[in-house]
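Here's the structure, in structure tokens; my notes come after.
So you know, we letter chains A, B, ... as the sequences are listed, proteins then strands, and number each from 1.
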Amino acid sequence: MTFANLMRSSALAGAAALFATAASAETFRWAVTTDPQTMDPHAVNAAPVLSFLNNVYEGLVRRGRDMSIEPSLATSWAPLEGETGWRFTLREGVTFQDGSAFTAADVLFSYQRASDEASDVRSWFAPVTDVRVVDDFTVDFVTNAPNPLFPDSIANFMILDSDWATANDAGLPARDAENFATRNVNGTGPYTLASRDPGVETRLTPNEGWWGEDRGNVTEAIMTPIGNAATGLAALLSGEIDFIEPVPLQDVAQVEGRDGFKVIEGEETRVIMFGFGHEHDALLYSTDVTDANPFTDPRVRLAAAHAINIDAIDRVVMRGKIDAASQLVPAGISGYSEANADRPAYDPDRAKELLAEAGYPDGFSFGLKCTNDRYINDEALCRAAASMLAAVGLNAELTTVPVRNYWEQLRADDFDMYLLGWSPGTFDHEHPIRFLMHSQDDEKKLGSWNFGNYSNARVDELLPMIQQELDPAKRQTLIDEVVAITQDEVAYVPLYVQPLIWAMKDNIDVTQRADNFFMLRWVAVN
Amino acid sequence: MVYFIIKRLLQSVFVMLAVALLAFSLFRFVGDPVSQMTGVETSTEDRARLREELGLNDPFVAQFARFAGDMLQGDFGYSYRTRQPVGEMIADRIPATLELGTVALVISLIVGIPAGVYTALRPRGFLTQSILLTTLVGVSIPTFVIGIMLIFLFGVQLGWLPTFGRGGTVQIGNWTSSLFTVDGWRALILPALTLGVYQLTLTMRLVRAEMMEVLRSDYIRFATARGIPYRRLHFKHALANTMIPVITIIGLQFGGVIAFSIVTESVFQWPGMGLLFLESIRFVDIPVMGVYLVVIAFFFVLVNLLVDMLYIAIDPRLRVKEAA
């Protein structure tokens with residue numbers, strides 16, 4: 001028996017022992033509002049899918065309880081020498097759920113699959129120019145420029161078994177039909193799929209050969225999609241379900257007031273903000289200003305920022321659960337600008353002055369677009385904000401739209417001012433700068449959610465520098481400059497950080513992660 | 001009779017095509033499927049390619065012709081949301097909806113018919129007045145409110161019945177049934193009651209009105225004069241004649257129950273076609289929505305056909321007309 005084999009078998013024995021101590025069959029039932037559309041880790045880049053599949057599949061790296069990046073299928077990684085990119089050293093002795101061994105070939109295969117045109121997660125690999133298998137347990141990812149963030153950006157890049165995928169005709173993600181990977185899995189993760197009935201029920205059982213250790217005691221997990229919030233709450237309170245999220249704000253007190261239940265509150269990494277039509281020549285929905293777009297004047301945008309009373313919104317609409325935001329990422333996220341942590345104060349008088357200076361002493365009317373089913377209490381927020389804006393003369397004509405119609409309308413430039421919530425997929429400030437602040441550029445795939453096309457040459461220049469800077473202090477200086485510019489120009493009006501509210505029976509221990517991903521291995525049933 | 005059925009079936013195809021066309025033209029306003037299918041980081045270019053692949057850039061007429069053509073060949077396409085074959089998705093969900101609808105209808109009949117007869121025979125009784133008032137209140141409250149009230153009373157407060165889902169099911173061939181387990185029945189009671197309330201009221205009021213009408217007719221008066229016992233008179237002669245129009249309405253109601261189970265299925269997370277339809281709207285899953293509406297139209301057509309055939313079987317006068 002070689003040394004590596006010995007290590008491997010003792011690691012397995014350790015995992016088995018841990019499992020044995022926790023083996024007093026603990027069933028855990030949880031409800032989700034949206035059933036994961038697919039079990040294919042590369043077909044849909046959406047939170048319900050990635051959150052669920054992180055229990056089944058694993059990537060080279062993963063996020064810990066505090067969102068930090070930690071080793072997973074790679075034990076270490078370091079910048080390549082002599083060229084730009086990263087070398088990943090893989091964990092040995094890992095097997096897939098069907099028993100086959102995990103090697104560098106699976107990483108290469110998964111990379112090819114995930115970066116294919118048919119994949120929805122290919123944007124993660126945009127900077128990658130080449131992937132090389134050095135040996136069975138070493139893989140190099142070559143990037144087109146220095147890329148300090150690359151390991152962070154692939155935390156949800158999940159590795160499939162190449163033989164399994166090829167044998168089952170699932171070599172590529174299915175876009176407009178299903179394939180074997182749509183309803184079947186073979187990952188290396190702590191749990192595996194016992195049964196899947198899409199839209200009805202999905203059962204998970206522990207992967208007994210899992211290499212990791214940090215796992216609770218759930219031996220059977222049942223996930224049920226419940227779309228209707230009242231039904232979900234009733235299912236929790238009647239004891240049929242152990243855990244639900246999100247809990248509507250107005251129901252929090254009801255759950256807390258009952259014996260045997262608890263609520264965990266935290267902050268999502270999502271910042272809720274207002275955006276403007278920066279490049280529109282004229283307002284679309286105004287009854288009085290039809291030949292100009294006052295929002296092109298930063299004073300008018302600042303007036304809008306001064307007009308909104310976040311404390312009142314917190315009190316009236318959000319039941320005291322929010323913190324005001326000053327920039328497009330919440331405090332604590334990497335790249336958060338401490339230097340620019342102040343936001344425009346609530347000051348309606350200053351707002352009126354600014355409007356007068358900009359040539360609109362009596363204000364003007366315009367159209368405000370909001371969703372009514374996307375963010376927590378989004379419609380109520382917009383109503384409250386509209387009345388605050390009206391108090392200084394900014395008469396918002398509010399239109400609320402279900403999210404399924406919303407993006408289409410924003411992409412068609414059908415707004416004067418709009419609501420947006422943004423959660424940085426990489427948990428770094430570069431993400432919203434890339435998607436929301438860089439000028440729209442389809443070719444370079446930048447600014448794709450910058451609906452109002454806010455554009456500043458210096459910001460466009462700073463983004464690639466931020467993406468390539470390896471020194472954290474220098475990088476922060478660059479980000480601080482972007483934040484200072486965009487605050488100065490009021491590119492957006494950041495409002496607050498969206499709360500995260502989970503409810504469960506009080507014998508359940510969970511870890512609430514700020515990306516709202518649900519990790520079954522951190523659940524303990526007491 | 002055979003000619004009649006063939007003629008009706010041919011007509012049905014046109015009805016269903018018309019429904020499909022109407023549905024299809026409405027779907028263009030439901031939202032953008034591509035936004036719902038892709039994540040935030042998908043590039044504009046990839047989105048455009050997907051749009052092209054799905055044929056969403058084709059003219060409306062071409063899209064409809066493709067959809068209708070595939071349907072006629074029995075190809076229902078793939079769901080945008082789950083990527084599963086739509087035919088399979090709908091087929092998986094049909095048993096849940098049919099069982100829920102049937103049980104709801106049965107509840108409405110076994111309560112509604114006796115209540116209708118009773119209220120017709122004792123039009124001024126105290127019980128009659130209270131029944132009429134209660135059902136009027138019941139029918140005035142929106143279905144989802146009734147459902148949530150039942151859930152909170154019997155599920156949360158008393159803890160007697162489950163609040164969501166189908167409970168235990170049994171697989172019989174391709175049919176997943178909840179009618180053969182205690183657990184399944186427990187899960188079925190509340191949604192079936194919720195769905196049946198409106199039907200119950202309708203059945204009761206219809207039976208009552210028809211029965212009162214019949215009781216006033218000459219042949220009942222003569223029969224009364226001849227001294228036929230009241231029990232026999234009411235339940236044999238009067239009720240039998242009452243039931244002919246009632247059967248028609250019940251038949252049509254069944255189609256309605258299936259089609260309008262959407263709200264009940266959503267409140268109880270009942271995994272039937274209605275819930276599937278709602279989820280499909282949320283995700284702008286056009287293929288599923290299209291097939292759902294065509295299937296519902298098919299149910300209506302089928303039920304109507306059966307009702308017409310029942311008519312011919314029951315009423316000899318119609319047979320003569322048909323032959324002529």
**Request:** Go through Ile148(B), Ile151(B), Leu278(B), Thr38(B) and name the one with the most non-hydrogen pairs under 4.5 angstrom from chain A.
**Result:** Thr38(B)
**Item:** chain A contact via Arg282(B) - which portion, at a heavy-atom distance below 4.5 Å
**Value:** both
**Asked** Which region of Phe283(B), side chain (C-beta onward) or backbone (N, CA, C, O), has a non-hydrogen atom less than 4.5 Å from a non-hydrogen atom of chain A, or is it both or neither?
**Response** side chain
**Request:** Compute the ring centroids of Phe451(A) and Tyr418(A), then answer whether they are less than 6.0 Å apart.
**Result:** yes
**Complete:** chain A shares the most heavy-atom pairs under 4.5 Å, among Met89(B), Arg49(B), Arg81(B), with Arg49(B)
**Asked** Considering only heavy atoms, which portion of Gln84(B) lies under 4.5 Å from any heavy atom of chain A: side chain, backbone, both, or neither?
**Response** both
**Flag for Glu99(B)-Trp270(B): side-chain donor and acceptor within less than 3.5 Å** = no
**Request:** Take Gln199(B) and Ser108(B) through the test side-chain hydrogen bond (donor to acceptor under 3.5 Å, both in side chains) and record every step on the way to the result.
**Result:** CA-CA 6 Å; Gln199(B) 262 59 43; Ser108(B) 78; over 6 Å; no
**Request:** Before accepting this row, confirm whether a basic side-chain N of the pair Lys445(A)/Asp46(B) lies closer than 4.0 Å to the acidic partner's carboxylate O.
**Result:** no
**Message:** Quick one: does any side-chain atom of Asp242(A) pair with a main-chain N or O of Trp30(A) as donor and acceptor, under 3.5 Å?
**Reply:** no
**Request:** Go through the atoms of Leu446(A) and report whether side chain, backbone, both or neither lie under 4.5 Å from a heavy atom of chain B.
**Result:** neither
**Prompt:** Should Asn156(A) and Asn54(A) be marked as a side-chain hydrogen bond (donor to acceptor under 3.5 Å, both in side chains) after you check the CA-CA gap, both sets of side-chain angles, and the distance that decides it?
**Reply:** CA-CA 7 Å; Asn156(A) 291 319; Asn54(A) 261 293; 3.0 Å; yes
**Fill in**
In terms of heavy-atom pairs under 4.5 Å with chain B, the winner among Thr182(A), Asp40(A), Thr224(A) is Thr224(A)
**Request:** Determine whether Leu463(A) and Lys444(A) make a side-chain contact, defined as any pair of heavy atoms from C-beta on separated by less than 4.5 Å.
**Result:** no
**Proximity breakdown for Val34(B) and chain A, heavy-atom pairs closer than 4.5 Å** = neither
**Asked** Counting only heavy atoms not in Glu443(A), do more than 12 sit closer than 6.0 Å to its CD atom?
**Response** no
**Message:** Which one wins on heavy-atom pair count under 4.5 Å against chain A: Val40(B), Ile281(B), Leu50(B)?
**Reply:** Val40(B)
**Prompt:** Non-hydrogen atoms of chain A under 4.5 Å away: do they reach the side chain of Phe164(B), the backbone, both or neither?
**Reply:** both
**Request:** Using modelled atom types only, decide if a donor and an acceptor are shared between the side chain of Lys369(A) and the backbone of Asp414(A) within a distance under 3.5 Å.
**Result:** yes
**Prompt:** So does Phe298(B) have more than 12 non-hydrogen atoms from other groups sitting under 6.0 Å from CZ?
**Reply:** no
**Complete:** The interface call for Glu88(B) against chain A, heavy-atom contacts under 4.5 Å, is side chain
**Fill in**
Counting heavy-atom pairs under 4.5 Å with chain B, the top scorer among Asn228(A), Asp120(A), Asp35(A) is Asp120(A)
**Asked** Under a 4.5 Å heavy-atom cut-off, does chain B meet the side chain of Glu117(A), its backbone, both or neither?
**Response** both
**Item:** Between Ala230(A), Pro225(A), Pro402(A), the one whose heavy-atom pairs under 4.5 Å with chain B are most numerous
**Value:** Pro225(A)
**Message:** Looking at chain B, which one of Gly425(A), Ala46(A), Ala174(A), Ser448(A) has the largest number of heavy-atom pairs inside 4.5 Å, strictly under?
**Reply:** Ala174(A)
**Request:** Under 4.5 Å heavy-atom distance to chain A, tell me which part of Leu158(B) shows up: side chain, backbone, both or neither.
**Result:** neither
**Request:** Quick one: which of Val44(A), Thr38(A), Val401(A) has the most heavy-atom pairs under 4.5 Å with chain B, could you say?
**Result:** Val44(A)
**Complete:** Honestly, the part of Met37(B) sitting under 4.5 Å from a heavy atom of chain A is both
**Request:** Kindly state whether the ring of Phe260(B) and the ring of Tyr198(B) have centres lying under 6.0 angstrom apart.
**Result:** no
**Prompt:** Between Asp32(B) and Arg411(A), does a salt bridge (charged side-chain N to carboxylate O under 4.0 Å, His left out) hold up when you go through it step by step?
**Reply:** CA-CA 11 Å; Asp32(B) 176 24; Arg411(A) 280 185 209 292; 5.7 Å; no
**Message:** Quick check for you: among Gly239(A), Ala177(A), Gly232(A), which has the greatest number of heavy-atom pairs under 4.5 Å with chain B?
**Reply:** Ala177(A)
